[in-house]
Amino acid sequence: MKKRQILALGLAACMVAGMAAGCGSSTKEPAEQGGTAAEQGTTDKTEEAETPGAGGGAGKVYYLNFKPEQAEDWQKLAQAYTDETGIPVNVVTAAAGTYESTLKSEMAKSEAPTLFQVNGPVGLANWKDYCLDLSGSDVYGFLSSDDFALKEGDSVYGIAYVIETYGIIYNKALVNEYCGLDGAVIASADEIKSFDTLKAVADDMQARKDELGINGAFASAGMDSSSDWRFKTHLANMPIYYEYQADGISSTEAIKGTYLDNYKAIWDLYITDSTCEPAMLSAKTGGDAAAEFAMGEAVFYQNGTWAYNDVTGYEVDDADLGMLPIYIGVEGEDKQGLCTGSENYWCVNNKASEEDIQATLDFLAWVVSSETGINSLTNDMGFVTPFTTFESVETSNPLVAAANEYLTNGTTSVTWNFTTMPSEEWKNGVGSALLEYAQGTGEWDAVVTAFVDGWATEYQAANQ
């Protein structure tokens with residue numbers, strides 16, 4: 001067992017083994033976002049062999065990237081590695097919501113990915129036969145805790161490479177402006193510690209949107225593929241989390257839906273106190289929501305620390321970016337923190353050639369230990385990473401700083417339990433029912449059916 005160490009931002013303290021976004025918003029096809037990022041080089045770099053992965057040699061790397069929002073960053077990092085080592089690195093990025101199907105397709109090819117990812121225990125169950133045991137690798141040696149590894153016994157099949165946090169991002173300047181209005185229901189954002197208070201504030205902001213110069217309290221809850229994951233996955237995590245907490249479990253073959261009335265309450269708030277009418281949600285994208293918030297048209301925006309690059313540099317100053325927990329009206333939620341976890345685990349394809357496997361392991365070690373890799377993951381991609389090589393690294397991302405405040409203020413972080421969702425089809429069923437309910441073409445009972453009955457059906461199908 002590896003010795004547990006504390007991450008620079010204290011994230012290790014709130015994680016548990018087997019925990020589950022990052023997520024993306026692009027709708028481009030893989031060929032448009034990826035492809036060959038680095039061509040075969042011939043420069044001899046053996047003088048730099050003291051840096052892991054920089055010794056040159058045979059082999060190549062093919063990384064099937066999960067995160068569309070970092071596609072260009074991975075391309076640049078791959079090129080930097082090739083320039084330094086001469087080893088070709090090809091990065092292809094799956095379109096949002098298509099990773100699993102893209103991975104199946106790519107794995108069937110003669111030139112399959114040498115590096116891919118799974119989203120946690122459920123994903124590992126599907127791909128374990130392709131996962132190299134990483135227990136003796138350099139990248140595993142840099143991991144700060146086994147809490148961030150997918151293990152079975154002493155075997156390590158996946159390594160988390162980014163720890164992320166999500167909640168309700170808010171504009172501090174607009175909240176302060178609201179608090180200065182006559183009759184405001186709060187005097188500061190610090191008073192928002194429950195769903196009832198959040199709803200009272202959002203309702204009042206919506207009613208007084210002209211005074212505030214906004215289009216709505218919440219950015220649009222778009223339900224196209226670039227945005228629906230925020231609600232069918234990340235928001236759906238909330239009732240799952242509280243049911244697991246109440247029942248003392250970490251997974252289930254049959255969700256009961258104990259907190260689905262709470263799920264309805266927060267969804268109703270999102271679609272009512274919004275920048276757009278609910279009937280428009282099918283056409284609204286993740287980019288629309290980010291733009292609405294970034295331009296000061298909305299006060300609140302459900303998303304995570306990874307969204308910083310989407311909203312910075314516009315009308316909202318970095319100093320005015322804050323985060324609130326997603327409150328859904330559960331007893332004791334005043335002690336609830338943000339949602340912190342990972343669904344991004346690197347896996348190395350054990351079916352690849354020995355040369356390509358070694359090239360891939362060298363590349364991973366370089367990514368998490370070299371100055372170039374550390375700078376890219378921290379500053380370009382905005383990641384908080386669970387490696388000892390990052391423990392003294394400071395981030396310029398104010399959303400990460402906001403997340404860190406919740407880790408030190410005595411609140412309890414909400415774990416990422418959506419990696420226990422039985423399938424992508426289950427998420428799609430819930431998403432479709434949410435949209436129909438929002439548009440007025442369906443009833444909430446259909447959401448409950450998709451959530452509860454759909455879970456049991458998809459679990460059984462996956463575990464036959």
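The model shown is predicted, which means the values in this text are computed figures rather than measured ones. FYI, side chains are in, hydrogens and waters are out, and symmetry mates aren't considered; it's all heavy atoms of this structure.
Shown here for Asn126 and Glu100, the closest heavy-atom pair between the two residues is ND2-OE2, 3.8 Å. Closest approach of Gly158 and Cys347 over heavy atoms only: CA-SG, 4.1 Å. When all heavy atoms of Ile159 and Val139 are compared, the pair lying nearest together is CD1-CG1, 3.8 Å. Closest of all the heavy-atom pairs between Ala219 and Thr275 is C-OG1, 4.0 Å. Here the closest heavy-atom approach between residue Val400 and residue Val384 is recorded as CG1-CG2, 3.6 Å. Among all heavy-atom pairs drawn from Pro325 and Tyr406, the shortest one is CD-OH, 3.2 Å.
Note that OG of Ser137 is 12.0 Å distant from CD1 of Ile357, once rounded to the nearest 0.5 Å. Remark: Ile271 CD1 to Ile266 CD1 distance equals 11.0 Å, nearest 0.5 Å. Between the CZ atom of Phe142 and the CZ atom of Phe390 there is a distance of 10.0 Å, given to the nearest 0.5 Å. Asn90 CG to Lys60 NZ: the interatomic distance, rounded to the nearest 0.5 Å, is 10.0 Å. Summarising the geometry, atom CG belonging to Asp73 is positioned 7.5 Å from atom CG belonging to Asn309; distances are rounded to the nearest 0.5 Å. To the nearest 0.5 Å, the span separating CD1 on Ile326 from CG on Leu269 amounts to 11.5 Å.
Of the possible polar contacts, one joining the Thr114 side chain to the Tyr62 backbone as a donor-acceptor pair under 3.5 Å is found. In this structure, the side chain of Trp455 engages the main chain of Thr252 through a donor-acceptor pair within 3.5 Å. In terms of modelled atom types and a separation under 3.5 Å, the side chain of Trp416 and the main chain of Cys339 share a donor-acceptor contact. Looking only at distances, a side-chain donor or acceptor of Asn237 sits under 3.5 Å from a matching main-chain atom of Asn417. Counting only distance, with no hydrogens or angles, the side chain of Ser370 and the backbone of Val367 share no donor-acceptor pair below 3.5 Å. No side-chain donor-acceptor contact under 3.5 Å links Asn171 to the backbone of Val316. Of the possible donor and acceptor atoms, none in the side chain of Gln358 sits under 3.5 Å from a partner among the backbone N and O of Gly59. The closest donor-acceptor contact from the side chain of Ser144 to the backbone of Pro386 lies under 3.5 Å. Remark: the backbone N or O of Ser101 is not paired with any side-chain donor or acceptor of Ser105 at under 3.5 angstrom. Under the 3.5 Å distance criterion, the side-chain polar atoms of Ser226 are matched with a main-chain donor or acceptor of Gly286.
Remark: Asn409 CG is packed, more than 12 non-hydrogen atoms of other residues, nucleotides or ligands lying under 6.0 Å away. Environment of NZ in Lys351: crowded, with over 12 heavy atoms of neighbouring residues, nucleotides or ligands closer than 6.0 Å. Around the NZ atom of Lys172, the shell of radius 6.0 Å holds more than 12 heavy atoms that belong to other residues, nucleotides or ligands.
Ionic pairing of Lys109 and Glu111 is not present here: no N-O contact between side-chain nitrogen and carboxylate oxygen is shorter than 4.0 angstrom. Salt-bridge formation is detected for the pair Asp146/Lys151: a Lys NZ or Arg NE/NH1/NH2 atom is positioned less than 4.0 Å from an Asp or Glu carboxylate oxygen.
Classified by interplanar angle (parallel below 30°, tilted 30° to 60°, perpendicular above 60°), the ring pair Trp74/Phe363 is tilted. Using cut-offs of 30° and 60° for the angle between ring planes, the Phe218 and Tyr270 rings count as tilted. In this pair, Tyr63 and Trp346 present their aromatic rings perpendicular. The plane angle is above 60°, beyond the 30 to 60° band.
Between the side chains of Thr420 and Tyr244, at least one donor N or O lies within less than 3.5 Å of an accepting N or O. There is a side-chain donor-acceptor pair under 3.5 Å between Ser194 and Thr197. Between the side chains of Gln336 and Tyr241, no donor N or O sits under 3.5 Å from an acceptor N or O. In this model, a donor atom of one side chain and an acceptor atom of the other lie less than 3.5 Å apart for Tyr437 and Asp268. A donor and an acceptor atom, one from each side chain of Thr285 and Ser227, are nowhere located under 3.5 Å apart.
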So Phe293 and Leu321, side chain to side chain contact (heavy atoms under 4.5 Å, CB included) or not? Walk me through it.
CA-CA 10 Å; Phe293 180 83; Leu321 291 173; 3.5 Å; yes
Verdict with supporting geometry, Ile163 and Phe148, side chain to side chain contact (heavy atoms under 4.5 Å, CB included):
CA-CA 9 Å; Ile163 307 302; Phe148 308 111; 3.5 Å; yes
Given side-chain hydrogen bond (donor to acceptor under 3.5 Å, both in side chains), test Thr340 with Thr165 step by step and report yes or no.
CA-CA 4 Å; Thr340 300; Thr165 296; 3.0 Å; yes
Where do Leu434 and Leu235 land on the side chain to side chain contact (heavy atoms under 4.5 Å, CB included) test, with the steps shown first?
CA-CA 11 Å; Leu434 282 175; Leu235 188 61; over 6 Å; no
Would you please test Tyr308 and Asp318 for side-chain hydrogen bond (donor to acceptor under 3.5 Å, both in side chains) and show each step?
CA-CA 9 Å; Tyr308 170 62; Asp318 280 10; 2.4 Å; yes
Step by step, work out the side chain to side chain contact (heavy atoms under 4.5 Å, CB included) result for Asn344 and Lys67.
CA-CA 9 Å; Asn344 301 279; Lys67 299 171 75 63; 3.9 Å; yes
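Proximity of the aromatic rings of Phe451 and Trp426 is defined here by a centroid distance below 6.0 angstrom, and this criterion is met. In this structure, the ring of Trp127 has its center no less than 6.0 angstrom from the ring center of Tyr157. For Tyr99 and Phe66, the gap between ring centers is short of 6.0 Å.
The shortest distance between side-chain heavy atoms of Pro239 and Asn262 does not fall below 4.5 Å. Using a 4.5 Å heavy-atom cutoff, the side chains of Leu338 and Met323 are in contact. Between Val118 and Lys128 the shortest side-chain heavy-atom distance does not fall below 4.5 Å. In this structure, the side chains of Arg230 and Asn303 come closer than 4.5 Å at one or more pairs of heavy atoms. In this structure, the side chains of Cys131 and Phe116 come closer than 4.5 Å at one or more pairs of heavy atoms. Tyr263 places a side-chain heavy atom less than 4.5 Å from the side chain of Val430. Between Leu64 and Leu103 there is a side-chain heavy-atom pair separated by less than 4.5 Å. By the 4.5 Å heavy-atom criterion applied to side chains, Glu333 and Phe195 are counted as neighbours.
Screening residues 280-292 for salt bridge (Lys or Arg N to Asp or Glu O under 4.0 Å), with sequence neighbours left out, gives Lys284-Glu292.
For the salt bridge (charged side-chain N to carboxylate O under 4.0 Å, His left out) test, no residue two or more places apart in sequence or in another chain qualifies with Asp334. The salt bridge (charged side-chain N to carboxylate O under 4.0 Å, His left out) test applied to Asp273 returns no partner, not counting sequence neighbours.
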